[in-house]
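In what follows, a structure is listed as structure tokens, so that the remarks can point back to it.
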There are 2 protein chains.
Amino acid sequence: MTEEGGRDPGEDAVSEVLSALADPTRRRILDALAAHGGRATATVLALQLPVSRQAIVKHLGVLTRAGLVVGHREGREARYTVLPSPLTSTARWMDRVASDWDSRLSAIKNLAESDHD
Amino acid sequence: MTEEGGRDPGEDAVSEVLSALADPTRRRILDALAAHGGRATATVLALQLPVSRQAIVKHLGVLTRAGLVVGHREGREARYTVLPSPLTSTARWMDRVASDWDSRLSAIKNLAESDHD
DNA sequence: GTGTCGTGCAACTCTGGAGTTGCACATCAA
DNA sequence: TTGATGTGCAACTCCAGAGTTGCACGACAC
């Protein structure tokens with residue numbers, strides 16, 4: 001198993017979330033989706049954003065693979081909902097990396113000071 | 001001024017940090033840079049990573065523009081240091097977005113329940 | 001049944017960026 | 001000064017992905 005229960009994302013999951021969020025159009029899609037209360041179709045989203053419906057569909061595919069969105073059919077239309085959990089776990093990953101850098105930097109700094117004095 | 005003191009990143013800063021972190025080679029560069037205690041040259045990094053020095057230099061430029069790295073010259077060589085602060089502020093941005101989605105979703109859910117009962 | 005609306009799939013264009021190579025310049029050691 | 005090492009700049013290739021258009025299929029209203 002390469003997954004450990006959703007608490008630790010794993011490099012692949014982090015990579016997909018970061019790539020998904022790096023595109024400004026996808027962030028606008030997520031914004032519009034959240035503004036719609038987490039229930040909207042690709043057609044509705046295409047009316048509010050300056051891209052075609054097909055572009056929206058492709059972006060929703062990327063967001064779904066990143067776990068940021070889930071879709072379910074209702075009759076002939078497909079509604080999509082935002083999922084906040086990958087965001088928080090990626091934020092935790094960032095905090096871990098940042099504190100790791102911090103500790104390394106302070107260790108080097110202390111070493112340099114005790115060496116320089 | 002479009003900046004408010006480093007606490008609130010702003011969409012542009014968030015976008016640059018996310019784009020910078022989305023590339024796996026750049027994450028490996030940051031890892032190697034942190035492992036080197038935050039002081040390494042592009043040539044040294046190129047010896048440990050499967051890309052050329054010029055590719056490293058370009059990535060360091062992207063990371064510098066994102067504020068994740070800063071470089072300073074020492075004689076004829078250019079050393080680079082990681083900067084953790086953009087990571088933590090981007091993590092806070094993610095947490096804000098996630099909690100925003102959460103509140104919207106729960107509001108819709110409550111509305112649907114009270115409407116459906 | 002017919003017509004309409006929403007979706008899904010496929011092919012296509014095109015730009016940005018990741019990576020390379022080559023060369024010129026600056027800095028240090030001999 | 002000469003040679004070696006590190007850096008910076010420029011031109012180039014290449015491909016993933018963002019976006020488009022066109023069409024076919026399924027679901028609803030009539």
Side-chain angles (χ1 to χ4, degrees), chain A residues 11-33 36-82, chain B residues 11-33 36-82:
Chain A
E11 281 290 318
D12 287 355
V14 168
S15 187
E16 290 207 356
V17 172
L18 289 175
S19 301
L21 292 177
D23 187 272
T25 303
R26 278 196 284 268
R27 289 200 301 273
R28 295 189 63 181
I29 289 177
L30 290 171
D31 266 0
L33 208 52
H36 268 265
R39 290 171 68 88
T41 67
T43 305
V44 169
L45 292 172
L47 293 177
Q48 311 184 352
L49 299 177
V51 289
S52 69
R53 178 182 59 91
Q54 292 304 321
I56 304 274
V57 170
K58 286 189 183 182
H59 284 309
L60 286 173
V62 175
L63 293 170
T64 300
R65 287 208 322 231
L68 289 164
V69 146
V70 65
H72 59 104
R73 296 201 64 119
E74 290 186 13
R76 67 175 157 183
E77 45 194 31
R79 296 204 136 81
Y80 291 87
T81 311
V82 291
Chain B
E11 281 288 318
D12 287 353
V14 168
S15 187
E16 291 206 356
V17 172
L18 289 175
S19 301
L21 292 178
D23 187 272
T25 303
R26 279 196 283 270
R27 289 200 300 275
R28 296 189 63 181
I29 289 177
L30 291 172
D31 265 2
L33 208 52
H36 268 266
R39 287 170 70 87
T41 67
T43 305
V44 169
L45 291 172
L47 293 178
Q48 312 184 351
L49 299 177
V51 289
S52 69
R53 178 182 60 90
Q54 292 305 320
I56 304 273
V57 170
K58 286 190 183 179
H59 285 308
L60 286 173
V62 175
L63 293 170
T64 299
R65 287 206 325 232
L68 289 164
V69 145
V70 65
H72 59 102
R73 295 200 64 119
E74 292 187 13
R76 68 176 158 185
E77 43 193 32
R79 296 205 136 81
Y80 291 89
T81 310
V82 291

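Keep in mind that the numbers below use all heavy atoms, side chains included, and drop hydrogens, waters and symmetry copies. In what follows, chains are A, B, ... by sequence order, proteins preceding strands, each numbered from 1.
- As rounded to whole Å, 16 Å separates atom C1' of D/dG19 from atom CG of A/L45.
- Between A/R73 and A/R76, the shortest heavy-atom distance links the atoms NH2-O, 3.3 Å.
- A residue-by-residue look at A/P50 and B/Y80 shows that B/Y80 has its nearest nucleotide of DNA chain D further toward the 5' end.
- The separation between A/R28 atom CZ and D/dA18 atom P is 15 Å, rounded to whole Å.
- Rounded to whole angstrom, the span from the CD atom of A/E77 across to the C1' atom of D/dC25 amounts to 17 Å.
- Between the side chain of A/K58 and the base of D/dG19 there is at least one donor-acceptor pair of N/O atoms closer than 3.5 Å.
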Which pairs, protein N/O on one side and nucleotides 21-24 of chain D N/O on the other, fall under 3.5 Å?
none

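- Once rounded to the nearest 0.5 Å, the distance linking CZ of A/R79 with CD of A/E74 reads 5.0 Å.
- Atom CG in A/L63 sits roughly 14 Å away from atom P in D/dG17 (whole-Å rounding).
- Note that NE2 of B/H72 and CD of B/E77 are 10.0 Å apart. Values are rounded to the nearest 0.5 Å.
- In this structure, A/R39 CZ and A/Y80 OH are separated by 13.5 Å, a value rounded to the nearest 0.5 Å.
- Applying the side-chain contact (heavy atoms from CB on, under 4.5 Å) criterion to A/R28, with sequence neighbours excluded, gives A/L49, A/P50.
- A heavy atom closer than 4.0 Å to some atom of DNA chain C occurs in no member of residues 17-25 of chain A.
- Whole-Å rounding puts the B/I56 CD1 to D/dG6 P distance at 15 Å.
- Rounding to whole angstrom units, NE2 of residue B/H72 and P of D/dG8 are separated by 13 Å.
- Within the 4.0 Å cut-off from OP1 or OP2 of C/dG17, not a single side-chain nitrogen or oxygen of B/H59 is found.
- In this entry the distance linking CG of A/L60 with P of D/dG19 reads 12 Å, nearest Å.
- Residue contacts for B/R26: at a heavy-atom cut-off of 4.0 Å it reaches the sugar-phosphate backbone alone, with no base atom in range.
- The residue from B/I29, B/L30, B/T81 that alone fulfils the side chain to side chain contact (heavy atoms under 4.5 Å, CB included) condition with B/V69 is B/L30.
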Would you be so kind as to tabulate the donor-acceptor pairs closer than 3.5 Å made by side chains of residues 51-65 of chain A, with sequence neighbours excluded?
from: A/S52; atom 1: OG; to: A/A55; atom 2: N; distance (Å): 3.3
from: A/H59; atom 1: ND1; to: A/R26; atom 2: NH1; distance (Å): 3.1
from: A/T64; atom 1: OG1; to: A/L60; atom 2: O; distance (Å): 2.6

Atom pairs under 3.5 Å, N or O on each side, protein against nucleotides 27-29 of chain D: can you list them with distances?
from: D/dA27; atom 1: N3; to: A/R76; atom 2: NH1; distance (Å): 3.3

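- At least one donor-acceptor pair closer than 3.5 Å links the side chain of B/R27 to the backbone N or O of B/L21.
- Applying the side-chain contact (heavy atoms from CB on, under 4.5 Å) criterion to B/S19, with sequence neighbours excluded, gives A/A22, B/S15.
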